Amino acid sequence: MRNMPLLLLLALMGITQVVQANDAPLDFDTPQQQQRYKHLIQELRCLVCQNETLADSSADLAQDLRLEVYQQIMSGKDDKAIIGYLTDRYGDFVLFRPPLKTSTWLLWFGPFALLLLGLLILYRILRHAPPPPRAELSDDEKTRLHELLPKQDGRS
Amino acid sequence: MMRRLIPLGLFILLVIMLGIGLTRDPHKVPSPLIGKPMPAFELPALNDPDRQLSLADLRGRVVLVNVFASWCVACREEHPLLVDLASSGKATIIGIAYKDEREAAQQYLRRFGDPYALIIHDHQGKLGLDLGVYGVPETYVLDRQGIIRYKQIGPFTEAVLRDTILPLVRKLEGGSS
């Protein structure tokens, strides 16, 4: 039974209960529902503790919203409908990842645009930089060089 | 000469952008409900549990809808302003007791004053969810048709009342309904 650890893992994954910090354990009919629940609560933001997802936050509102998501999944609503339900009421900010819309282009592409601009400026600076000055030896320095270096077949 | 000004120009632009961006309060999430109707509901009145309130009770006049709770500390900041406002007659205020026990809410009002023409008891917080409430107190201004025209997040101050809310109320009352 070398596959025991694997089998155990699979068995554990098969348990369709999800336990979240301060919630009562939730029962799902299918593993897909559980997956969807876990996925959704990680894609949604807690508006009270704004840098936490619904999954991580212990705020009251997060608890309420998790319950709402659970109830809607169990009543057969699809992910799109559930997200729509929440964004209708709370706006796009409830999505942890901002949607890609015309109004968020600056947010999404801005950093890349700035990087590109920076690289362009760097390129232009480097291109137009004057060449480094050639080191010219003075006559005295040439004499010293001859004295220091051993003569090599006509080279000076 | 002009080329030397480009970095300066970019810097000034950056300062302006940061100045605007960093002084905004991320906690004030803009509501998608502005311009939309107040959500429908069927909830008991706080002081008369046998009486069911609904949108019909709100329509027909410009109202302020104030979401509060006895457990909400920030609500106490604006409550005196609400009481003054109600007694001045300048606005009609409807209260929503959000996720609160009846007795606790009533006690809160006995203690701090009751500025509300009506109080909706939203015990489960379902109406709050429909309104996108995420941090009490929150106040909405509704026009005569029950359309949400403004949302105040957090307690309002004398200044907000004077400069934003009351002028809006006057405008909605004065205009054609």
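From a predicted model like this one, the values you see are computed outputs, not experimental measurements. When reading the values below, keep in mind they use all heavy atoms of this one structure, side chains included, and skip hydrogens, waters and symmetry mates. Reminder, nothing fancy here: chain letters follow the sequence lines and each chain counts from 1.
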- prompt: Would the number of heavy atoms belonging to other residues, nucleotides or ligands and lying under 6.0 Å from CG of A:L115 be above 12?
  reply: yes
- prompt: Are A:L95 and A:L86 joined in one hydrophobic group, where the rule is that I, L, V, M, F, W and Y side chains link up if heavy atoms are under 4.5 Å apart?
  reply: yes
message: Using a 6.0 Å cut-off, check whether atom CE of B:M17 has over 12 heavy atoms from anything other than its own residue.
response: no
query: So B:V29 and A:Q50, side-chain contact (heavy atoms from CB on, under 4.5 Å) or not? Walk me through it.
result: CA-CA 10 Å; B:V29 180; A:Q50 293 180 336; 3.7 Å; yes
- prompt: If you measure from CG on A:L114 to CG on B:L14, what distance do you get to the nearest 0.5 Å?
  reply: 8.0 Å
task: Identify whether B:M38 and B:I147 are in the same connected component of the hydrophobic contact network (ILVMFWY, side-chain heavy atoms under 4.5 Å).
output: no
query: What part of B:P30 is in contact with chain A, defined as an atom under 4.5 angstrom from a non-hydrogen atom: side chain, backbone, both or neither?
result: backbone
- prompt: Checking A:L61 against chain B: side chain, backbone, both or neither under 4.5 Å from a heavy atom?
  reply: side chain
B:L129 and A:Y85, any side-chain heavy atoms less than 4.5 Å apart: yes
Heavy-atom contact with chain B under 4.5 Å, split by part of A:Y90: both
task: Spell out, yes or no, whether A:L116 and A:W105 are grouped together once hydrophobic residues are joined by side-chain heavy atoms under 4.5 Å, including indirect joins.
output: no
query: With hydrophobic residues grouped by side-chain heavy-atom distances under 4.5 Å, do B:V83 and B:V160 end up in a single group?
result: no
query: Relative to chain B, which segment of A:L65 carries a heavy atom at a distance below 4.5 Å: side chain, backbone, both, or neither?
result: side chain
- request: Using non-hydrogen atoms and a 4.5 Å limit, figure out which bit of B:K36 sits close to chain A: side chain, backbone, both or neither.
  value: neither
Nearest heavy-atom neighbours spanning B:P32 and A:G91: CG-N, 3.3 Å
message: Can you tell me which portion of A:D88 sits under 4.5 Å from chain B's heavy atoms? Options are side chain, backbone, both or neither.
response: backbone
query: Can we say A:D60 and B:K99 salt-bridge, meaning some charged N sits less than 4.0 Å from an Asp/Glu carboxylate O?
result: no
- request: Please indicate whether B:R102 has more than 12 foreign heavy atoms, meaning atoms of other residues, nucleotides or ligands, lying under 6.0 Å from its CZ.
  value: yes
- prompt: Under 6.0 Å from the CZ atom of B:R110, do we count more than 12 heavy atoms belonging to anything else shown?
  reply: yes
message: In the structure I gave you, are the side-chain heavy atoms of A:R89 and B:D130 within less than 4.5 Å of one another anywhere?
response: yes
